[in-house]
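These numbers come from the heavy atoms of this one structure, side chains and all, not from hydrogens, waters or symmetry mates. So that the names make sense, note that chain A is the first sequence line, chain B the second, and so on, each numbered from 1. In this text, all values refer to a predicted model and were calculated from it rather than measured experimentally.
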Amino acid sequence: MEAGLISVDRWAEGSQSYFLTHLHSDHTNGLSPKWSRGPLFCSRITAKLFPCKFPGFSLSLLRVLELGIWYHVPLVSSLTGSETVVSVMAIDAQHCPAGAVMYLFRGAFGFMLYTGDFRWEASSEKAEMGRKMLLSALNGMKVDTLHIDNTYCNPSYSFPSRKGAAKQVIDVIAAHPEHDIIIGIDNLGKEDLLVYIAHVLNIKIWVWPERLQIMHLLGFHDIFTTKTSLTRVRAVPRYSFSIETIEDMNEMRPTIGIMPSGLPWVVGSVDRSTRFFSPPLNSVQKNCSWNINEERDNPSKGLHLLIYSIPYSDHSCFSEIQDFVNLVQPANMRGIVSSTSCYIDPRYFFGRQSNYLNSLRESFEWEEGSDRLKSIRKKLDYGRYKIAQKCEKSPRQTRVDFSCGRVRRVRRKKRGAKILEDQRNDG
DNA sequence: GCGATCAGCT
DNA sequence: CACAGCTGATCGC
């Protein structure tokens with residue numbers, strides 16, 4: 001059995017300490033109410049939400065880390081049997097606003113930064129705080145190993161700030177004064193968007209009962225309701241959000257759906273080649289409003305007019321990843337999302353070892369129209385094209401068989417890593 | 001019956 | 001290809 005010191009978002013046995021970045025399911029695979037390999041370190045908000053996600057979990061295993069403070073964790077080196085101290089600081093990851101953190105570790109191994117899922121928006125006040133916290137913790141030192149959220153680590157991914165995307169949502173709602181509004185969300189995350197909508201439009205927002213409980217735990221008491229009659233804006237679980245449900249709702253009342261999503265395209269169950277109504281790319285890039293009514297009067301072929309896809313992302317886009325890498329200047333780097341065939345090692349874009357700055361400069365040279373960018377886009381578009389093509393051939397009631405050929409779905413594996421091993425386990 | 005894992009879907 | 005996550009089938013105990 002290999003001997004490990006630290007695991008982040010990974011819950012198998014073999015580590016002396018376990019760290020949780022946030023409570024999204026792909027980071028808690030392997031955790032259960034019966035898990036007992038503690039101690040488990042997490043943020044205060046995550047600890048507060050823990051009983052919701054894992055009723056019956058022994059809370060005595062939790063160790064709350066306040067943001068921006070160094071904690072010293074004594075561990076035992078299985079190599080020498082002697083005590084070794086690992087210091088850790090939690091820093092706001094600005095992912096799901098509810099308690100997601102990145103962890104900065106310091107020890108005999110140097111500095112190791114594990115971002116978890118994170119969004120590195122330059123513009124926001126919170127981002128500036130996080131930047132200061134990180135720089136002051138590093139105190140001029142460089143990060144030796146960076147484990148980074150590489151979800152959108154590809155130059156093709158470009159989207160506006162969440163504030164900009166939230167304004168687009170407001171535009172959509174304002175353009176439909178007589179409509180009911182359905183917004184697809186998950187169990188955790190996108191709270192800031194909903195609060196912003198409620199504030200700007202001076203309305204309450206409906207959520208389902210379990211979500212209301214979470215909102216209350218997060219300290220939102222007068223913004224959300226479970227009474228349908230109080231509001232025309234409802235946030236519903238994303239898995240219950242589909243073209244069919246929105247179309248069915250339109251038999252009762254005029255209704256539109258809004259899907260806030262980092263993905264620039266969203267497929268529906270009626271016809272997977274249908275793309276939801278989205279702001280045009282240039283308005284996304286320029287972070288400005290677009291004329292919804294004008295667009296709707298001249299809809300492009302294949303757009304679904306009842307559902308709007310808004311590029312509201314809790315993960316960093318490519319340029320933000322670039323900014324972050326530039327800031328921490330890691331000697332080495334690896335992506336924490338390593339599951340799918342579209343995985344691209346961040347070092348492909350940002351270089352490896354000390355060479356990364358040259359590669360960074362190079363990657364800035366991928367301007368619109370460059371051959372390199374074209375080839376990457378082509379790679380991405382190919383997959384989309386194949387799926388659209390398959391669906392066109394499939395009758396509406398027939399399931400599309402994704403189990404063969406090049407478009408075979410690759411199951412997303414869990415994230416997380418055992419990030420610190422004793423020397424003898426190398427190689 | 002229970003938990004873990006996986007397949008399928010949104 | 002896929003943000004995050006639900007439901008249901010299956011398997012081993």
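- With hydrogens and angles left out, the side-chain atoms of H24(A) and D186(A) include no donor and acceptor closer than 3.5 Å.
- For N187(A), counting side-chain heavy atoms from C-beta on, the closest listed nucleotide (dC3(C), dG5(C), dC6(C)) is dC6(C).
- In this structure, H27(A) places its NE2 atom 12 Å from C1' of dG5(C), rounding to the nearest Å.
- Closest contact between the side chain of T151(A) and the listed nucleotides dG3(B), dG5(C), dC3(C) involves dC3(C).
- Residues satisfying the side-chain hydrogen bond (donor to acceptor under 3.5 Å, both in side chains) test with K53(A), not counting sequence neighbours, are S25(A).
- Residue I185(A) contributes atom CD1, which lies 12 Å from atom P of dC6(C) at whole-angstrom precision.
- The interatomic distance linking Y239(A) (OH) with dC9(B) (P) rounds to 18 Å, in whole Å.
- The distance between the ring centers of Y114(A) and Y103(A) does not fall below 6.0 angstrom.
- To the nearest whole angstrom, the two C1' atoms, one in dT5(B) and one in dC3(C), are 23 Å apart.
- If you measure from atom CG of D149(A) to atom P of dC3(C), you get 10 Å, rounded to the nearest angstrom.
- The shortest non-hydrogen separation linking A127(A) to E121(A) is CB-O, 2.5 Å.
- Aromatic pair F41(A)/Y71(A): ring centres not closer than 6.0 Å.
- In this structure, the CG atom of L31(A) is 10 Å from the P atom of dA4(B), given to the nearest Å.
- Within 4.0 Å of H22(A), counting heavy atoms only, lies no atom of the nucleic acid at all.
- Taking atom CE of M259(A) as the reference point, atom P of dG5(C) lies 13 Å away to the nearest angstrom.
- Nearest to the side-chain atoms of H315(A) among the listed nucleotides dG3(B), dC6(C), dC3(C) stands dC3(C).
- Among the nucleotides dC2(B), dC6(C), dA4(B), the one closest to any side-chain atom of S32(A) is dA4(B).
- One atom, NZ of K53(A), and another, P of dG5(C), lie 6 Å apart when rounded to the nearest Å.
- Distance, F118(A) CZ to dC3(C) C1': 15 Å, rounded to whole Å.
- Taking 4.0 angstrom as the limit, S25(A) places a side-chain polar atom (N or O) nearer than this to OP1 or OP2 of dG5(C).
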